[in-house]
Trainee: 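Submitted below is the structure of interest, expressed as structure tokens.
Per chain, numbering begins at 1; letters A, B, ... match sequence-line order. Reckoned from all heavy atoms, side chains included, excluding hydrogens, waters and symmetry mates.
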Protein chains: 2
Amino acid sequence: MRGNLFAVAVDLVVLTVRDGALCVLLRERTAPPFAGEPALPGGFVQAREDLLDAASRELAEIGLAIEGHHLEQLASYAAPDRDPRGRVLTVGHLALVPDLPEPPGEGAWTPVEKAGDLAFDHSRILADGVERARAKLEYTTLAAAFCPAEFTISQLRRVYEAVWSTEPDPRNFSRKVTSTPGFLVPTGEKVSSGRGRPGQLFRRGPATALHPPMLRDHAGLPA
Amino acid sequence: MRGNLFAVAVDLVVLTVRDGALCVLLRERTAPPFAGEPALPGGFVQAREDLLDAASRELAEIGLAIEGHHLEQLASYAAPDRDPRGRVLTVGHLALVPDLPEPPGEGAWTPVEKAGDLAFDHSRILADGVERARAKLEYTTLAAAFCPAEFTISQLRRVYEAVWSTEPDPRNFSRKVTSTPGFLVPTGEKVSSGRGRPGQLFRRGPATALHPPMLRDHAGLPA
DNA sequence: ACAATAGTGTCTCTTAGACATTATATT
DNA sequence: AATATAATGTCTAAGAGACACTATTGT
């Protein structure tokens, strides 16, 4: 076999919902290239490591244990000049995590709208990750991945509001998610959100698909 | 930077519809490893080549000029032992082409149901490609990529029948596709399909998304 | 004439979307 | 008591699914 050799990295688009905004975990680069600029967390794939394993390891190194976090491969990026050090292919991954009380080790949660320009081609990877998350909320139950183990329907609705920048009708939303078998499992407990009537608590059910899907308003989206 | 080095390849899942069956282009391997076994066409990424460019080149080398063929990245595969020659990462790509009068240079169209075991992890890549194509027919206008430049609604319907193994109602199907703005552009011409009333010819329109989507019957599909 | 395919119309049922009211908590 | 949030019910409109008929070709 003859092929040019590449270094292979994994980069992570770690998304969460904080204060009503979809946020991404960014780290400031400490070493060249792009020192001082914000970038996605990531690292090189090790000798006998598969891609998802490498991404899981990076996630753990950030301080995000893998307890039920959603992690999936996004896409690969290998433009010849994307890294000034040489030929590097990176496999972007998408991770969805609940809003954490404490911020993860290094790095800061940044609203995706304010992420600005990132190092390398990370802005593109981020955009792809955000679009993937937005699309998947339509036809999967993945919104619950942004919620803690137990959550209310309001919390789940706020995820959709943050990710889609829409405000679905609370009553219709409730009807939709509760009528999808296996989406939500009631715990029987209730929790007060400070003021007002306490909401019922749910866990994630076994369902992964949402049928029929919950459609956002589409206006000229990419295929 | 320190990372282990990989050879990087692109592999192609080239799909078409022939005789009512979804078919994939397979080549028999001539050299080890897996000599004599069927495999997806593919090759190594060259020195200053990006991934899609490499996939386009491979497609051209097969004899499939890129005139409007659909080509997209699928996913990357890098299990440590997937290639006995050493560490090889492959980026799977999905190509959708119309049924061609002449078969492409080397390789043979094989119904995906009869593909059997392929070399390397190509069976997995094929399965991912087929599932991607099936899913995309739901919410995009991509079915037209399986049709020639001009086609009838019946031809388009036969694409759905082959890819989904369903038989949508011709009248409902027609209503759906003609009522989606920008999906089909009538040419004003008609064509006879041997017997019966000739059908009207259409071209692909500018629309890429299908809203609302055309839902297939879902029964426990992966997310 | 007959067979085969194309194209159109109607009815029903499900579901999304809009909207008002009642229930239960905190202050 | 006042306020804030949760939960439920009803109406309407749009679209999917089932179905019957007419239209235009080749044999």
Trainee: Please report the distance, rounded to the nearest Å, between CD in B:Glu167 and C1' in D:dA18.
Mentor: 15 Å
Trainee: Would you kindly check whether a donor in the side chain of B:Arg195 faces an acceptor in the base of C:dA3, or vice versa, at under 3.5 angstrom?
Mentor: no
Trainee: Rounded to whole Å, please give me the gap between CZ in A:Phe173 and P in C:dG17.
Mentor: 12 Å
Trainee: Strictly below 4.0 Å, N to O, side chains only: are A:Lys176 and A:Glu138 in salt-bridge contact?
Mentor: no
Trainee: Looking at B:Asp53 and B:Arg57, is there a salt bridge between them, counting it only when a charged N and a carboxylate O are closer than 4.0 Å?
Mentor: no
Trainee: Whole angstrom is fine here: how far is it from CD in A:Gln200 over to P in C:dA23?
Mentor: 17 Å
Trainee: Pick base, sugar-phosphate or nothing for A:Pro212, based on heavy-atom distances below 4.0 Å to the nucleic acid.
Mentor: sugar-phosphate
Trainee: Hey, which of these two, B:Arg197 or B:Pro213, hits DNA chain D nearer its 5' end, going by closest nucleotide?
Mentor: B:Pro213
Trainee: Let's see if you can work this out: which of C:dC19, D:dG17, D:dA16 has an atom nearest to the side-chain heavy atoms of A:Asn172?
Mentor: C:dC19
Trainee: Separation of B:His211 atom NE2 from D:dA14 atom P, in whole Å?
Mentor: 18 Å
Trainee: Between the base of C:dG9 and the side chain of B:Arg175, is there a donor-acceptor distance below 3.5 Å?
Mentor: no
Trainee: Can you tell me whether the side chain of B:Asp169 and the base of D:dA16 have a donor-acceptor pair closer than 3.5 Å?
Mentor: no
Trainee: In whole Å, I'd like the distance from the CG atom of A:Leu201 to the P atom of C:dT24.
Mentor: 17 Å
Trainee: To the nearest Å, give me how far apart CG (A:Leu215) and P (D:dA14) are.
Mentor: 16 Å
Trainee: In this structure, how many angstroms lie between the P atom of D:dG15 and the CG atom of B:Leu210, rounded?
Mentor: 12 Å
Trainee: On DNA chain C, compare the nucleotides closest to A:Arg171 and B:Arg157; which residue's is nearer the 5' end?
Mentor: B:Arg157
Trainee: Go nucleotide by nucleotide along DNA chain C from the 5' end; which of A:Gly196 and A:Lys176 gets its closest nucleotide reached first?
Mentor: A:Lys176
Trainee: For the residue pair A:His122 and A:Phe120, categorise the inter-ring angle as parallel (less than 30°), tilted (30 to 60°) or perpendicular (more than 60°).
Mentor: tilted
Trainee: Send over the distance from B:Tyr139 OH to D:dG15 P, rounded to a whole Å.
Mentor: 21 Å
Trainee: Charged N to carboxylate O below 4.0 Å: is that the case for A:Arg216 and A:Glu131?
Mentor: yes
Trainee: Specify the closest pair of heavy atoms between B:Gly205 and B:Val185, including all atoms of both residues, with the distance to one decimal.
Mentor: CA-CG2, 3.6 Å
Trainee: Establish, with yes or no, whether the OP1 or OP2 oxygen of C:dA6 is under 4.0 angstrom from a side-chain nitrogen or oxygen of B:Ser154.
Mentor: yes
